[in-house]
Amino acid sequence: MKSKHLTGDQLLAALAALSNPHRLRVVAALAAGGRNYVSQLARELNISRPLLHLHLQKLEDAGLVTSQLELSDDGKALNFFDVAPFAIDLSPAMITAAVATLTNNPEK
């Protein structure tokens with residue numbers, strides 16, 4: 001995701017996803033350590049798996065992380081997450097362009 005091409009809805013989703021300290025820690029952990037599966041990431045971040053799942057879903061919905069389901073050698077399904085490449089360069093001009101594309105625009 002590159003900020004030059006973000007729609008207003010994408011910008012809002014990304015900013016909302018990044019507005020939570022747990023989600024910032026998730027992105028930082030994945031960026032520093034590479035892709036990881038939920039159980040291991042939950043242990044590293046010291047949060048429950050259900051709570052981590054909620055945060056990962058919000059990040060994935062915003063296009064900030066990706067997931068891939070894989071089978072381990074013993075047949076267990078492991079959901080691996082990784083940071084998606086993204087850059088959000090906020091500027092007044094970028095926000096102005098993004099606002100013009102909002103689908104929920106109260107000004108209309």
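Position 1 is the first residue of the sequence; numbering continues from there.
Side-chain heavy atoms closer than 4.5 Å link hydrophobic residues (I, L, V, M, F, W, Y) into clusters, and following such links, even through other members, never connects Tyr37 to Leu59. Both Leu24 and Leu90 are assigned to one and the same hydrophobic cluster, defined by single-linkage of ILVMFWY side chains at heavy-atom distances under 4.5 Å. In terms of hydrophobic clustering, with Ile, Leu, Val, Met, Phe, Trp and Tyr side chains grouped at heavy-atom distances under 4.5 Å, Phe86 and Val26 are assigned to a common cluster. Residues Phe81 and Leu18 share a hydrophobic cluster, clusters being chains of Ile/Leu/Val/Met/Phe/Trp/Tyr side chains in contact below 4.5 Å. Note on Val65 and Leu12: same hydrophobic cluster, where clusters join Ile, Leu, Val, Met, Phe, Trp and Tyr whose side-chain heavy atoms are under 4.5 Å apart, directly or indirectly.
Using modelled atom types, one side-chain atom of Gln10 and one backbone atom of Thr7 make a donor-acceptor pair closer than 3.5 Å. Remark: the backbone N or O of Ala17 is paired with a side-chain donor or acceptor of Arg23 at under 3.5 angstrom.
Atom CD1 of Ile88 sits about 6.5 Å away from atom CG of Leu11, to the nearest 0.5 Å. Atoms CG and CG, on Leu41 and Leu30 in that order, are 5.0 Å from each other to the nearest 0.5 Å. Atoms CD and CG, on Gln57 and Leu52 in that order, are 11.5 Å from each other to the nearest 0.5 Å. Here CG of Leu78 is found 7.5 Å from CD of Glu70. Values are rounded to the nearest 0.5 Å. Note that CG of Leu56 and CG of Asn79 are 8.0 Å apart. Values are rounded to the nearest 0.5 Å. For the atom pair CD of Glu44 and CG of Asn46, the computed distance is 11.0 Å after rounding to the nearest 0.5 Å.
In this structure, the side-chain contact (heavy atoms from CB on, under 4.5 Å) partners of Ala31, at least two apart in sequence or on a different chain, are Val83.
Ring geometry for His22 against His55 counts as tilted: the plane angle lies between 30° and 60°, on a 0 to 90° scale.
No donor-acceptor contact under 3.5 angstrom links the side chains of Thr66 and Asp82, judged on distance only. Counting only N and O atoms by type, the side chains of Ser72 and Asp74 include a donor and acceptor under 3.5 Å apart.
Put simply, the side chain of Val38 reaches to within 4.5 Å of the side chain of His53, judged on heavy atoms.
Taking each heavy atom of Leu64 and Ala14 in turn, the nearest pair found is CD1-O, 4.0 Å.
Atom CZ of Arg43 has more than 12 neighbouring heavy atoms from other residues, nucleotides or ligands inside a 6.0 Å radius.
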